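The chain is numbered in sequence order, starting from 1. As the structure is a prediction and not an experimental result, all values here were calculated from the model.
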Amino acid sequence: REHGMAAVANGMAAYGGVIPYVATFLNFVGYSAGATRVGALSHLRTIYVATHDSIGLGEDGPTHQPVEMVTMLRAMPNCKVLRPADGTECNAAYITALQSDCPSIICLSRQNLPQLEHSSVEGALKGAYVVW
């Protein structure tokens, strides 16, 4: 399912007129890796929303711990991997993805996360910043 989903999104992005987005658990992005890589090599603007990013053991068990997925995705050429820490950074991640000329993968936690007091869209758009 994930491979087909990513391949269809690639087709939509290649045709033009839309910026497709797809969503799945982060752990299952591995099933779409072939199509995701083709999209990255082709500079196709697709947004992947990858939920359940966590090293914590949830009710789904260890089969849903995506401990190696982010490393694999970051090694993929022409692919932006965004891992926001709170809602404000999530806004920045979407802005970055919409302005990108290649696939963007937004990795979102499954846990309830606090809003960081000093987080900012401007800081997150830089790629990294200090939150104290």
Side-chain angles (χ1 to χ4, degrees):
R1 295 178 295 228
E2 279 76 9
H3 176 79
M5 173 181 69
V8 168
N10 284 346
M12 292 170 66
Y15 185 79
V18 297
I19 301 173
Y21 76 92
V22 297
T24 189
F25 284 17
L26 177 58
N27 200 49
F28 301 146
V29 172
Y31 296 125
S32 72
T36 302
R37 186 170 187 278
V38 167
L41 294 174
S42 302
H43 290 273
L44 298 176
R45 295 174 67 194
T46 302
I47 298 173
Y48 292 81
V49 179
T51 64
H52 291 68
D53 179 7
S54 176
I55 60 167
L57 187 60
E59 65 260 7
D60 297 318
T63 60
H64 288 63
Q65 286 179 296
V67 294
E68 76 286 355
M69 277 302 134
V70 174
T71 303
M72 179 196 74
L73 295 170
R74 285 188 174 153
M76 195 176 291
N78 305 323
C79 186
K80 288 189 193 296
V81 179
L82 308 161
R83 210 172 188 188
D86 65 7
T88 302
E89 289 188 3
C90 194
N91 290 339
Y94 275 101
I95 291 168
T96 299
L98 289 169
Q99 294 174 345
S100 178
D101 66 345
C102 61
S104 299
I105 301 172
I106 302 174
C107 304
L108 302 174
S109 176
R110 72 181 314 273
Q111 278 77 29
N112 293 326
L113 298 175
Q115 184 65 35
L116 301 175
E117 186 177 343
H118 298 288
S119 69
S120 70
V121 171
E122 297 78 20
L125 288 174
K126 294 176 185 177
Y129 65 109
V130 176
V131 178
W132 65 93

Exercise for the section: Verify the cluster assignment for V38 and V81: are they in a single hydrophobic cluster under the rule of side-chain heavy atoms below 4.5 Å apart? Expected result: no
Exercise for the section: Kindly indicate whether the side chain of V22, heavy atoms from C-beta on, has any atom under 4.5 Å from the side chain of V8. Expected result: no
Problem - Flag, side chain of R45 to backbone of P103, donor-acceptor distance under 3.5 Å - result: no
Handout entry: Joint cluster assignment, I105 & V49, ILVMFWY side-chain distance < 4.5 Å
Key = no
Handout entry: side chain to side chain contact (heavy atoms under 4.5 Å, CB included) evaluation trace for S119 with Y129
Key = CA-CA 9 Å; S119 69; Y129 65 109; 3.2 Å; yes
Completion exercise
One should read off an interatomic distance between I19 CD1 and S104 OG, to the nearest 0.5 angstrom, of 9.5 Å
Practice task
Work out which heavy atom in T46 is nearest to a heavy atom in A9; give both atom names and the distance.
Solution key: CG2-CB, 3.7 Å
Handout entry: Euclidean distance, S100 OG relative to N78 CG, rounded to 0.5 Å
Key = 9.0 Å
Practice task
Could you walk me through whether Q115 and E89 pass the side chain to side chain contact (heavy atoms under 4.5 Å, CB included) test, one step at a time?
Solution key: CA-CA 10 Å; Q115 184 65 35; E89 289 188 3; over 6 Å; no
Handout entry: M76 with Y48, same ILVMFWY side-chain cluster at under 4.5 Å
Key = yes
Problem - Same apolar cluster (I L V M F W Y, side chains within < 4.5 Å links), V70/V29 - result: yes
Handout entry: Value rounded to 0.5 Å, distance of CG in L108 from CG in L82
Key = 9.5 Å
Exercise for the section: Flag yes if more than 12 heavy atoms outside F28 fall under 6.0 Å of its CZ atom; otherwise flag no. Expected result: yes
Practice task
Give the minimum heavy-atom separation between A6 and A35, together with the two atoms involved.
Solution key: CB-CB, 3.7 Å
Completion exercise
Closest non-hydrogen contact found for S32 with E2 is CB-O, 3.3 Å
Practice task
List the atom of M72, the atom of G30, and the distance in Å for their closest heavy-atom pair.
Solution key: CE-CA, 4.2 Å
Completion exercise
On a heavy-atom basis, the closest approach of L125 and A92 is CD2-O, 3.6 Å
Handout entry: Straight-line distance of I95 CD1 to L98 CG, nearest 0.5 Å
Key = 8.0 Å
Handout entry: Any T51 side-chain heavy atom under 4.5 Å of T24 side chain
Key = no
Practice task
Examine M5 and F25 and state if one hydrophobic cluster contains both, with Ile, Leu, Val, Met, Phe, Trp and Tyr joined whenever side-chain heavy atoms are less than 4.5 Å apart.
Solution key: no
Exercise for the section: Quick one: closest heavy-atom pair of D86 and L116, and the distance? Expected result: OD2-N, 3.0 Å
Problem - Derivation and outcome, side chain to side chain contact (heavy atoms under 4.5 Å, CB included), residues N10 and S42 - result: CA-CA 9 Å; N10 284 346; S42 302; over 6 Å; no
Practice task
Flag the pair R83 and D53 as a salt bridge only when some basic side-chain nitrogen lies within less than 4.0 angstrom of an acidic carboxylate oxygen.
Solution key: yes
Handout entry: side chain to side chain contact (heavy atoms under 4.5 Å, CB included) between C102 and K80, intermediate numbers included
Key = CA-CA 7 Å; C102 61; K80 288 189 193 296; 4.1 Å; yes
